[in-house]
Amino acid sequence: MIKNSEFVARRARLIAALDNNAVAIIPAAVELTRSRDTEFPFRQDSDFFYLTGFKEPGAVLVLTKDRDGNAQSTLFCRNKDKVAEIWHGRRMGYEQAKSQLELDQTFALSDLDDELLNLVNGRKILFYGQGTYNAFDDKVWQLLSTLRGAPKKGYRAPEIIKDIRPLVHEMRLFKSDAEIAIMREAGRISAEAHKRAMQFAKPGATEYQLEAEIHHHYAMNGARHPAYGTIVGSGINATILHYTDNCDALQDGDLVLIDSGCELEGYAADITRTFPVNGQFTDAQRKIYELVLAAQNAAFGEVKPGGTLVKANQVAMTVLTQGLVDLGILAGDVNELLEAQACKAFYMHGLGHWLGLDVHDVGEYKLDEADRPFEPGMVLTIEPGLYFDEDAQVPDEYKGIGIRIEDDLLVTESGYENLTALVPKTIAEIEALMNN
Ligand code: GLY
Ligand code: MN
Ligand code: MN
């Protein structure tokens, strides 16, 4: 649970990073139509949520800093409306929002056009992240046009427009103690869900039934939604990296790859495990699995302050390349194969990514031109894989095998904490769980 004081402190830190005589506009997400008059489940914009903790659609946060550095946080949100609330659900209302969210001022959304004009007029710099919400972009460009068009009225548009996102994203990259506690819990719930799916799997069950087992576990443990579309790929489907059809029945002798994590209080977990449908790895599956696991373990060793994702990936690729040569899948000198990135034919994605409010979370991967070193408080995934589809140039016994192993690591002072360590991962652990 993130206390309101943390959201207040985040706004203060962001405002401190703004220039004087500036205004920042951060819109909430809007509801999206699924079909006719039904909407997709609403998900708040991550930047907006990070700065407010407010979950309603259509709101707008405005941060202003005058010439002397005096700051003000303003929120526009939906008005209380008895009829709308009877039909569609409760609203906080702007009066309640002011005290509950500890804002300096709040307005009803119906006042947005007039009041936003007052807040932006005369400021030298506008901080805004264009390109996410087209309708809101139009509103901002219209506002600037109005301000530019009437100097005699005392209107003056900002001369400079800066992207607000790099400032917010740099903050989001480093997790607070409260965020880490939530992510630990998200990792734990997700890990338990993967165990449940392993225990449920058997020939004849469907991929979507495994998905249902997992989502049921999330909901029964306080996480109503998955953080992204759950991937359950059995057999050859496991070689499709972001397979979400999840429509086939599991076949005896196949592997099944599950990539799923819950979203808890906005924060994502992201776990992949690959295991045999019948609880017993074949020889060929075992060889590839051990190789991917060795690559993951080697990469884990690079996750510590000062390490980089690029270095961890080099280490993982070295293990994969050597292993593929040993198995007769690649031929040639390992150094030359590494130089040519030959293993990329079977390992098509990156080693990992930042994790937080978004599954592919925000934050720069380079600082200036250099690879960004890990620092305590960052959370990332490490997820090597090998995928041999029907067209892969490999011995027949490996065709149709897709394996990814993914965990979520928090960088600590001395190395890392694995937030998703609870799911069985060695072949012995997996077979033991599935056969008991
Ligand atoms: N679940 C998407 C990914 O692993 O990046
Ligand atoms: Mn991932
Ligand atoms: Mn994943």
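Order of appearance sets the numbers: ligands from 1, and atoms from 1 within every ligand.
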Practice item. Would you mind telling me which of R184, R10, K3 makes a salt bridge (Lys or Arg N to Asp or Glu O under 4.0 Å) with E179? Key: R10
Exercise for review: Of the side chain and backbone of D270, name the one, both, or neither that has a heavy atom under 4.0 Å from an atom of ligand 1.
Suggested key: side chain
Practice item. Answer yes or no: does atom CE of M220 have more than 12 heavy-atom neighbours from other residues, nucleotides or ligands under 6.0 Å? Key: no
Point to revise | Partner residues of H216 under the ring-ring contact (aromatic ring centres under 6.0 Å, His included) criterion, sequence neighbours left out | key: none
Check your understanding: Between N335 and E339, does any side-chain donor sit less than 3.5 Å from a side-chain acceptor?
Key -> no
Practice item. Report yes or no: do H169 and D47 form a side-chain donor-acceptor pair below 3.5 Å? Key: yes
Exercise for review: Sort by chain and number the protein N/O/S atoms found under 2.8 Å from the Mn ion (ligand 2).
Suggested key: D270 OD2, H353 NE2, E383 OE2, E406 OE2
Check your understanding: If you look at every heavy atom in K55 and Q44, which pair is closest and at what distance?
Key -> C-NE2, 3.5 Å
Check your understanding: Does the N or O separation between R404 and ligand 1 drop below 3.5 Å for any pair?
Key -> no
Point to revise | Numbered atoms of ligand 1 (with element) below 4.0 Å of D259, judged on heavy atoms | key: 1 (N), 2 (C), 3 (C), 4 (O)
Check your understanding: So, for L355 and A269, which heavy atoms are closest and what is the spacing to 0.1 Å?
Key -> CD2-CA, 4.3 Å
Exercise for review: Would you check the N or O atoms of H242, main chain and side chain alike, for any that come under 3.5 Å of an N or O of ligand 1?
Suggested key: no
Point to revise | Atom indices of ligand 1 within 4.0 angstrom of E406 heavy atoms, with elements | key: 4 (O)
Review point. Ignoring hydrogens and geometry, is there a side-chain-to-backbone donor-acceptor pair from T420 to G187 under 3.5 Å?
Key: no
Practice item. Answer with yes or no whether H360 contacts ligand 1, where contact means a heavy atom under 4.0 Å from a ligand atom. Key: yes
